[in-house]
Amino acid sequence: MKKAITSILFSFLIASIFISCNSNSQKEVPLNALIPRPNTVSAAIGAFEVGRKTRISVLNHKLNSTAMVIANELKDAIGYELELTTSASAQKGVINLILNDSQENGHEAYELSITHQEVVIKAESPAGIFYGFQTLKQLLVQESGNWFLPSASIEDQPKYSYRGSMLDVSRHFFDMEDVKQYIDYLAMYKMNYLHLHLADDQGWRIEIKSWPNLTTHGGSTEVGGGEGGFFTQDQYREIVDYAKDRFITIVPEIDMPGHTNAALASYAELNCDGKARELYTGTNVGFSSLCVDKEITYEFIDDVIKEVAALTPGPYIHVGGDESHATEKEDYLKFINRAQTIVRSHGKEMIGWDETAQANLSSTSVTQLWASPDFAREAMSKGAKLIMSPATHAYLDMKYDSTTNLGLSWAGYIEVDKGYSWDPDTLLSGITREHILGIEAPLWSETVTNMDEIEYMIFPRLAGYAEIGWSGVGDWEEYRQRLAGHGAKWAAMGINFYQSPKVDWK
Ligand code: TNX
């Protein structure tokens, strides 16, 4: 029923593109271009004018830090800073942020109401207020130098609790500023998890104090032979905090027992033959393995996971577990079982790529589907939940088409329509909603070397994954019209996006 109401409202909005913004002009407003698509939108006549005298009112001290982030983001959007005020009740001429104590809606839900007199964002958590503000930001229109928000009332809440993207900082290293920028992009579209792929054959990117060579040696290069890099623990904490202020949880991944050449090059004793490997700057996979029979291997991963867990407030540690072609199957299972025990002993739950489903999974562990529906079903049968990242639909490193200069194509081309048009609940037989925690779109970085290239691969597809995660998939024809308006926004922000021929960019 709710779905029907939503689609009726959307047809209505498409039909009523023009709404009077002020007495002098008819202005196209972006109410019909919101991404992710809100649950319900009702448009009204008129608009709220945002001017230098507009205040942001915060009625609850629990919103103080969120209000600061909001004021900063608004400044970036309109060019000047609005003053924050506190007052006892909602006021006219003000953007009111109201924490609502009623527990009716989900934790991340919000209501946004815009009238000629005032704006109210109501939610039961600071996260909800933040998401309401992200919607508000998309509604800003400029008219003869002044900023307006179209009158409307919106109720919204996400479909899935896990809406994420992965950034591979191992194949090519991206520094703290790049990661913060990436976080900003996720936040714009209400995503709430950033999975950082912190260790692979080509580089170890997180300082581990008890095993310092991992970064001093193992972090000293990258694909193509560049200088690599790594995050100190302080820098990693800064990333975690920056993400947290934007309601994004960091999921750190230390890939093992394969994808470990950087560690094997840093410490000879981690190799079965006791000989350190050479650093690796190519792009092959599946050739490295920790030595599963040596006890020092488990001391090593216990130390690493202990330090990473202590830096990570989120509930998960990702142990990779993919493509361990250089590990015997029996050894692999033994290893993942022990890794799971270690992760849990440090108070975290394990996430692993879908191969890890073959181990003795705890029902509290999470399996990330990328290639094998069979493994995903095996995880389900053990009670584990799934994160859906099918490479054929959700990999941000796949080329858009045969002419894309960056990216890979082993899982096929993913044009913007293909990336958008799949439903995690029905894509694979036997895998249904109750087993799915959410979706994640990974960006592997074998071919991606800087922020411009990151942007080209993630825009526009990221917006579609965010919508699948927040609203559920919709109709491509309708979505592509909403998406068309976002290109101009990205261009204004200096984002290097792929101008897909599938979209009539405005
Ligand atoms: C497969 S996806 C991998 C990665 C590569 C990626 C490139 C997965 C769990 N493993 O090691 O970077 O393909 O698309």
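What you see is a predicted model, and the numbers here were worked out from it, not measured in a lab. Read the numbers this way: they start at 1 and go in the same order the structure lists the ligands and their atoms. In what follows, residues are counted from 1 in the order of the sequence shown.
A side-chain donor-acceptor contact under 3.5 Å links E355 and W370. For the residue pair S421 / Y479, no side-chain donor-acceptor distance below 3.5 Å is found, with atom types taken as modelled. Side-chain atoms of H107 and E124 include no donor-acceptor pair closer than 3.5 Å. Using a 3.5 Å distance cut-off with no hydrogens or angles, the side chains of Q157 and E108 do not pair a donor with an acceptor. Looking at E253 and H197, their side chains do bring a donor and an acceptor atom within 3.5 Å of each other.
Geometrically, ligand 1 and E323 share a nitrogen or oxygen pair separated by less than 3.5 Å. Checking only distances, E446 does come within under 3.5 Å of ligand 1, N or O to N or O. The shortest N or O to N or O distance between D200 and ligand 1 is not below 3.5 Å. Considering backbone and side-chain atoms together, W410 places an N or O closer than 3.5 Å to an N or O of ligand 1. Close N/O approach between Y395 and ligand 1 is not found [any backbone or side-chain N/O within under 3.5 Å]. Among the atoms of W444, none of the N or O lies under 3.5 angstrom from an N or O of ligand 1.
In the vicinity of H259, heavy-atom distances shorter than 4.0 Å reach the ligand 1 atoms 11 (O). Annotation for ligand 1: atoms under 4.0 Å from non-hydrogen atoms of D397 are 7 (C), 14 (O). Near L408, meaning under 4.0 Å from any of its heavy atoms, are these atoms of ligand 1: 7 (C), 14 (O). The ligand atoms of ligand 1 that sit less than 4.0 angstrom from a heavy atom of M398 are 14 (O).
Scanning the protein for heavy atoms near atom 10 (N) of ligand 1, the closest one is D322 OD2, 2.8 Å. In terms of protein heavy-atom proximity, atom 11 (O) of ligand 1 is closest to R171 NH2, 2.9 Å.
The pair E207-K209 counts as a salt bridge, with a side-chain nitrogen and a carboxylate oxygen less than 4.0 angstrom apart.
Aromatic rings of W353 and H318 (six-membered ring for Trp) have centroids within the 6.0 Å cut-off, being under it.
Geometrically, R461 does not engage Y465 in a cation-pi contact, judged by NZ or CZ lying under 6.0 Å from the ring centre and within 45° of the ring axis.
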